[in-house]
Amino acid sequence: MEEKQLVNLLETLTVEEKIGQLIQLSGDFFNTDAMAVGPVQKLGIDPHMVQLTGSVLNVLGADQVIRIQQHHLEHSRHKIPLLFMADIVYGYKTVFPIPLALGCSWNPGLVKACNELTAKEACAAGAHVTFAPMVDVVRDARWGRCMESTGEDTYLNSVFAKAMVEGFQGDFTPGSSLASCVKHYAAYGAPEGGREYNTVDMSERRLREEYLPPYKAAVEAGCALVMTAFNTVDEIPATANGWLMDEVLRREWGFDGVLITDYAAIAELVAHGVAEDDKAAARLAMEAGVDIDMKTACYANQLQPLLEEGTISLKKLDEAVLRVLKLKNKLGLFEDPFRGASPAREQELKGSADSLSLSRQAAAESLVLLQNLNSALPLQPGKKIALIGPYADSKELNGLWAVYGDKDQVVTVKSAFQEILEPQLFKSTQGCEMLDSYEGLGSFGYLTQADKRLETDEQRAAELEQAVALAKWADVVIFAMGEHTLQSGEAGSRTDLSLPGIQTAFMEQVLPWAKESVLLLFNGRPLVLTDIKDKVDAILECWFPGTEGGHAIADLLTGAVNPSGRLTMSFPYAAGQVPVYYNSFNTGRPSKTSTHSLRFTSRYLDCPNEPLYPFGYGLSYHTAEYSHLRLSSTVLRPGEVIEAEIEVQNTSGTSGDEVVQLYIRDLVGSVVRPVKELRDFRKLHLQAGEQRKISFSITEEQLKFHTKDMKYAAEEGNFELYIGNQSDNCLMAAFSFER
Ligand code: NOJ
């Protein structure tokens, strides 16, 4: 449709019909052809507004979507199609690793390909919009939603934000693309104390420097929607924050897409204490620039009276509605309201060889080898293997936000090993339960975890006995342990970052019998591994690896694939350290270089300042050496480029991937600058013994920051450039920036 036709359409809508376009309701409102009374009453929405609703939340499956759309169109005066939006975060039926794991691949091209595939699968199931990517910078492992982000680094998250948006949206081709909704704008990743939905407060400089760029990168990549965050920003909830949405997002960044709230966020303005009732909440959200109200009755019931009193202008309403109509048009819904939804295509795409192989590759590149003492890995052929633990034969490898993932397709670690090992060399048992107590976990909507519970003391004793017997029999014991799926993701905040106590107690009882031990970890956040690491030989961080997780893990353990994952979020030494991240400030009393006596430096008395495993860290089966860091010049001037060159050599007989990381430090600024900031990286494959020169271009752009007077500019002075294989293991060269 031409834009002019959209404007004409808008003009023919009644005020109520316009408001309808700004309402999003969930599937329970559309389950039958008749009005679903229960949800209507519960939400307190005027029933006839349900008929006018413009979009639907989290309903997928071609049959259902087609039925709801058909019914809607039959009853809609103007035949404006419904928009179907859903949380398709890291896969639809085929599930990829959680984003925190995908980040560890340092492979944006791969992640883009994953999203392209996801878009195809989800389109066939009737989806139009995905609430992804989630690009919140995360530095506090207590927060359960770390799993949904690619990590703690602003630059890396920005690179992934772009790749993810491009992967989902492509060029908006019907049938193979989704409109992408970046979230949660803004700074949702920094709740105080890591507690879900808690207050966020930080300086504007920090917000702009560290938290906003990934959202901006998504906007620049053309993402069609932005979702507001639940939290406050400068003591104003994001959903009512006109500065954030109108001034920064729309005016500064030029975003002209649709702004949607997070779930029930408008009504929550009342609980926040900035609105006395739903009407005030609707007014605040509308004034701040929110287009779509997700799952409250605020817009549905309150916009009309607000318009009648003249508190909200018709112009403001029209602008919001036009943005929604434009999105529907961009998706081609006026031409084809079903947009590729097809039960046959859904079936055809299910479990295709391409999707499974991509899922396997993504998982393999996301796993991070954290420890490998005595070259315990890869497993030597012919060794007897005992696989023990609650994740040994679990299909719960998708993590919390893969709500549509096809669990039946998940390959467990046990089944993957059974495919490749002789039966006489492989045994497995559950060993222990996942958790000491399931109280307080609650459920997550329609997602539940079917754990194998051990009901009696006799069962527990028998399992332990069996595990000890397997450990005595085996040459290598592999423990498959981790967090319960419900311990991370939304509303999954924890203060204890260790493995569940029942699992560590169990391991202590079995480990004395293990000749060699490998720990596989399944979790949605960095854990504290300080104690457990001294008790096992090798640790492989598996995260929640998705559909093909079992195969990928077996590939790495047997050496068919050489691990290449590198952490994108620091693993704390102790929970009391968090937030702990590599690009912190030096402070006035840095513990290593301060002239003050150690006591009076910035440090803990009982724990190092450094994390146990830093950003960028990860082991491989090969070794590499970095040498001969050279700069083409030691002075950079505006418009010029310094080439930074380094030699990387694979010093082993095994080929493998290196993630070459480039960091810059601005030594003196008008405001304090981080001790190091990632500015570029390259992932490369090196054959055994291969040596390669890698070159990075350094420009003024990479030196820019928000200066004392809030200009985004580079300042003259001295810089240090670091290149290495992890944030704390680099070669350094100095240069200056002069005008
Ligand atoms: C709440 C979550 O915060 C958000 O990420 C999600 O997209 C919405 N619910 C919709 O399910």
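All ligand and atom numbering here is 1-based and tracks the order in the structure. As a basis for the values below, the full set of heavy atoms in this structure was taken, side chains included, without hydrogen atoms, waters or symmetry mates.
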Testing Leu57, Val40, Ile45 for side-chain contact (heavy atoms from CB on, under 4.5 Å) with Leu25, which one passes? Ile45

For ligand 1, which atoms have a heavy atom of Asn58 less than 4.0 angstrom away? 11 (O)

Do Glu148 and ligand 1 have an N or O pair less than 3.5 Å apart? no

Go through the side-chain N and O atoms of Asn58 and Tyr404 and say whether any donor and acceptor fall under 3.5 Å apart. yes

Can you tell me if Met134 has a non-hydrogen atom under 4.0 Å from ligand 1? no

For Phe615, which of Phe571, Tyr155, Trp106 qualifies under ring pair (Phe, Tyr, Trp, His ring centres under 6.0 Å)? Trp106

May I ask you to say whether Asp246 pairs ionically with Arg251, meaning some side-chain N is under 4.0 Å from a carboxylate O? yes

Angle class for the His128/Phe84 ring planes (parallel below 30°, perpendicular above 60°, tilted otherwise)? perpendicular

Determine whether the side chain, the backbone, both or neither of Arg145 has a heavy atom under 4.0 Å from any heavy atom of ligand 1. side chain

So how far is it from Ile88 CD1 to Trp401 CH2, rounded to the nearest 0.5 Å? 11.5 Å

Identify, by atom number and element, the atoms of ligand 1 in contact range of Lys183, meaning under 4.0 Å from any of its heavy atoms. 4 (C), 5 (O), 6 (C), 7 (O)

The ring pair (Phe, Tyr, Trp, His ring centres under 6.0 Å) partner of Tyr185 among Phe255, Trp253, Phe230 is Trp253

Go through ligand 1 atom by atom and flag the ones less than 4.0 Å from a non-hydrogen atom of Phe131. 7 (O)

Which atoms of ligand 1 sit under 4.0 Å from any heavy atom of Asp87? 6 (C), 7 (O), 8 (C), 10 (C), 11 (O)

Go through ligand 1 atom by atom and flag the ones less than 4.0 Å from a non-hydrogen atom of Asp262. 1 (C), 2 (C), 3 (O), 4 (C), 6 (C), 8 (C), 9 (N)

For His184 and ligand 1, answer yes if some heavy atom of the residue is under 4.0 Å from a ligand atom, otherwise no. yes

